[in-house]
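These numbers come from a predicted model, not from an experiment.
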Amino acid sequence: MSDTNVLDMISRIYNATTILNFGALFTDGTPNFVTPAEPEPGEDVTIRFRTARNNVDSVDIVIGDKHYPMTVADYNGIFDFYQIVMKNVTEPLMYYFEVHSDRLTVVYNRLGILKEANHDYDFRIVPGYKTPDWAKGAVIYQIFVDRFCNGDTSNDVQEREYSYLGRHVHKVDDWNRLPENMDVSNFYGGDLQGVMDKLDYLKDLGVEAIYFNPIFVSPSNHKYDIQDYDYIDPHYGKIVKDEGEVLPENVMDNTQASRYIHRVTDMENLEASNQFFIQLVEEAHRRGIKVILDGVFNHCGSFNKWLDKECIYDKNPDYEKGAYLTPDSPYRNFFKFNDENAWPYNRSYNGWWGHDTLPKLNYEESEKLYDYIMRIGRKWVSPPFNCDGWRLDVAADLGYSQDFNHKFWKDFRKNVKEANPNAIILAEHYESPKSWLQGDEWDTIMNYGAFMEPITWFLTGVEKHSDEFRGDFLGNADFFIGSIRYYMSFMMYNSLYVSMNELSNHDHSRFLTRTNHRVGRIQTLGSETANENVSTGLMRLAVTFQMTWPGAPTIYYGDEVGVCGWTDPDSRRTYPWGNEDMQLLQFHKDIIKVHNEYQSLRTGSLKFLHGEYRVLSYGRFNSEEAVLVVINSDFSEKELKIHVRELGVHNNRTMRRVFLTYDEGYNQEEQMYMVQNNVLTVIVPKCSASIYVCKLR
């Protein structure tokens, strides 16, 4: 059901005598309607609300249970702009609006037009809460380092270099080999030199920030089991001293893995790797590319020097004894042990979700650990490393209580922002993030609820792991609009416009594979089936949505050239250098240029305009320009009449179609369309996405 039909229904329910123009009612937290949008404590804040010209009797802003009348401060041929100035705002401000027209009163909050107020969906302004401007709408590129590019073969993990999870690690010699189901100890050789070699590729693509999956010392290929937070893994960095032997054929005891021990504990290798990383960040910055690190602070790894379950630090006089070895370890309280009589080799420590390779960190009982991680948070965003932020792994799980979790992230934010005010703090989180997004903890989230999940259901009907197909969600515009509005309501402007909008990542199936509408995993259907019956046409629709939606569009390495894959580990395939889908790559370059050309696609307001089965239309706008997006995933062309007046487009104005992607390809040939009777009439092809632009001034 379209927004227009919903509003007509509301009007009938109210049985109003005055025709209220519901489509004109609008406000949000962007600079278009809140000035300044990110106020400092004590600043005056101007809040605006839009109605149709001469259409309502009054507008009140409601704060708590108090109503404050607004006045018309500005108008044009289409709208009145009601305004109020809130003086000396020092505390968080929560508010909604009441619009009065004749006998009709409606409420307007984060969900839009409602009959009654619900404070859960009030607008919010938090003085002093600012997210980095560079991240608003920034194009981010996620790199799973082992699978991106092998630029230095001398640091490759060697066959049988050590054992992990009861298996010898394996060096994969065929870069194009697909991942195995048990893949965690297989290494393809991707490294930071490979990233360095491809910085110009990323710049040419239009990338503005790199998000690295973990790159600190770690025994797995995913590196979410950190071994040493202070150093880049030499297998990703530089190995300047390479001594020792790999494990014998039938030996799993890592105390004999002298090659590995030397590589990851020798200070020359560790310092050389850090130094190379400094150079990489400098080269990225020189190209205007930011760098975001993955912070895994809920748990570490069983190889970690603080625990040392593998006893690889035990004989090294430069390292203290690990807590696994002795209760006298200075790291004893870094972990929670359930059996106080089990030393030496105490296996009773708590593991995250029971995984003994992922010992949970025990901050509540160790001030030393707490301070250490705060130092790590500061260290990597400060000189000489100068990284631009943290992505926080399973951030809501940290600690043993919710209260402690919030205390930790408040302190983490203070430390990081004092070290680098422009660093972003971005959390992995699947449920409501509202309690962490109050301005004093996280900046934002990986945007599953208000991006990845709704667009995946709408375009493919497949769940993000490819574990479920829902035909009732496929093409369901009402479900899409309702769910995405609901999850967007948890975030203020600050958070929403820097949220990480991904179609794929290392934890889920590749979006291109989801376009085959199949349920499966590598162990049930095999790898090759992930490539079958996929639709690059649907993929282009999804990317067009991604590049025109509020937030930071984030490309998972290889998506731009057609990489497929079921969920982890199959989604961690190598980048196919030399075998890219070049048309899809050029499409990404061109759509990113469109994203970068129009400021409204970075910081502009969002308004839904139309929704029906398999069809969505929405606009992004500011005072200077309006951008209209129409997505038609149906199997037939559609004629649509879009109420672009709601974006501020005057009658008899022309709109330029600047981009069209369809089932067989895409083009950027401009076409002009006239707005007549305040609507834009367009015929859109099947499986298409089109972008129209109008300058408002």
Side-chain angles (χ1 to χ4, degrees), residues 1-3 5-6 430 447-488 501-505 507-521 524-525 529-549 553 556 559 562 564-567 570-571 584 606 608-618 629-640 642 660-664 666 684-690:
M1 183 182 294
S2 71
D3 274 11
N5 291 337
V6 170
Y430 289 90
N447 198 3
Y448 292 113
F451 183 79
M452 182 191 282
E453 290 175 343
I455 197 61
T456 291
W457 288 123
F458 182 80
L459 290 179
T460 74
V462 177
E463 182 266 344
K464 60 185 179 292
H465 285 287
S466 294
D467 281 343
E468 181 182 14
F469 177 80
R470 291 289 301 267
D472 54 333
F473 291 170
L474 175 62
N476 187 330
D478 286 344
F479 174 77
F480 174 88
I481 294 171
S483 61
I484 211 162
R485 274 180 168 164
Y486 173 73
Y487 280 101
M488 285 171 64
N501 290 345
E502 295 184 292
L503 295 169
S504 317
N505 63 28
D507 284 328
H508 304 94
S509 59
R510 295 272 182 170
F511 186 89
L512 186 54
T513 287
R514 280 176 241 150
T515 67
N516 66 14
H517 309 297
R518 295 186 68 179
V519 171
R521 291 199 174 206
T524 59
L525 296 181
T529 53
N531 307 335
E532 296 174 355
N533 301 314
V534 298
S535 170
T536 53
L538 273 179
M539 180 75 183
R540 288 193 298 270
L541 263 61
V543 176
T544 302
F545 180 82
Q546 181 184 40
M547 294 296 163
T548 56
W549 195 253
Y556 184 43
D559 266 11
C564 294
W566 300 114
T567 199
D570 198 33
S571 59
L584 191 57
L606 166 74
F608 283 108
L609 298 174
H610 183 80
E612 61 181 76
Y613 180 63
R614 290 184 179 266
V615 177
L616 290 171
S617 175
Y618 55 90
V629 182
V630 181
I631 294 177
N632 174 26
S633 63
D634 208 352
F635 304 111
S636 61
E637 70 176 22
K638 302 283 185 181
E639 180 180 80
L640 302 174
I642 310 296
L660 172 67
T661 177
Y662 44 92
D663 209 11
E664 298 82 13
Y666 73 101
V684 292
K686 66 177 183 178
C687 193
S688 70
S690 45

Kindly give the heavy-atom pair with the smallest separation between [X] and [Y], and that separation in Å.
X: Cys564; Y: Val534; value: SG-CG1, 4.2 Å
X: Gly537; Y: Cys687; value: C-SG, 3.8 Å
X: Asn632; Y: Val615; value: OD1-CG2, 3.6 Å
X: Ile481; Y: Gly611; value: CD1-CA, 4.5 Å
X: Phe511; Y: Thr460; value: CZ-CG2, 3.8 Å
X: Leu660; Y: Ser688; value: CD1-CB, 4.2 Å

Exercise. Decide, yes or no, whether a salt bridge links Asp559 with Arg510 under the criterion of side-chain N to carboxylate O below 4.0 Å.
Key: yes
Quiz item: Are Glu463 and Arg470 within salt-bridge range, i.e. N to O under 4.0 Å?
Solution: no
Any donor-acceptor pair under 3.5 Å linking the side chain of [X] with the backbone of [Y]?
X: Ser571; Y: His508; answer: yes
X: Thr661; Y: Leu541; answer: no
X: Arg614; Y: Gly475; answer: no

Self-check item: Within 6.0 Å of NZ in Lys638, more than 12 heavy atoms from elsewhere
Solution: yes
Is [Y] close to [X] at the side-chain level, that is, under 4.5 Å between some pair of heavy atoms?
X: Leu459; Y: Thr515; value: no
X: Thr529; Y: Trp566; value: yes
X: Phe469; Y: Leu474; value: yes
X: Ile631; Y: Thr544; value: no
X: Lys464; Y: Thr567; value: no

Interatomic spacing from [atom1] in [X] to [atom2] in [Y] - rounded to 0.5 Å:
X: Leu503; Y: Met452; atom1: CG; atom2: CE; value: 7.0 Å
X: Gln546; Y: Thr548; atom1: CD; atom2: OG1; value: 9.5 Å
X: Tyr666; Y: Thr536; atom1: OH; atom2: OG1; value: 11.5 Å
X: Asn447; Y: Met488; atom1: CG; atom2: CE; value: 8.5 Å
X: Asp663; Y: Lys686; atom1: CG; atom2: NZ; value: 5.5 Å
X: Ile484; Y: Ile455; atom1: CD1; atom2: CD1; value: 7.0 Å

Exercise. Determine, step by step, whether His517 and Leu538 satisfy the side-chain contact (heavy atoms from CB on, under 4.5 Å) criterion, reporting the C-alpha distance in whole Å, the side-chain angles of both residues, the deciding distance to 0.1 Å, and the verdict.
Key: CA-CA 11 Å; His517 309 297; Leu538 273 179; 4.1 Å; yes
Quiz item: Is it true that the side chains of Ser617 and His610 contain a donor and an acceptor less than 3.5 Å apart?
Solution: no
Quiz item: Do you know which of Leu606, Leu609, Val630, Ile642 makes side chain to side chain contact (heavy atoms under 4.5 Å, CB included) with Tyr618?
Solution: Leu606
Quiz prompt | Option among Phe473, Phe479, Phe480 that satisfies the ring pair (Phe, Tyr, Trp, His ring centres under 6.0 Å) test with Phe458 | solution = Phe480
Exercise. Take Asp467 and Arg521 through the test side-chain contact (heavy atoms from CB on, under 4.5 Å) and record every step on the way to the result.
Key: CA-CA 8 Å; Asp467 281 343; Arg521 291 199 174 206; 2.7 Å; yes
Quiz item: Can you list the residues that meet the side-chain hydrogen bond (donor to acceptor under 3.5 Å, both in side chains) rule with Ser509, with sequence neighbours excluded?
Solution: Ser466, Arg514
Self-check item: Tyr487 ring center within less than 6.0 Å of Tyr448 ring center
Solution: no
Practice problem: Take Phe451 and Glu502 through the side-chain contact (heavy atoms from CB on, under 4.5 Å) test and state the conclusion after the steps. | Solution: CA-CA 7 Å; Phe451 183 79; Glu502 295 184 292; 5.6 Å; no
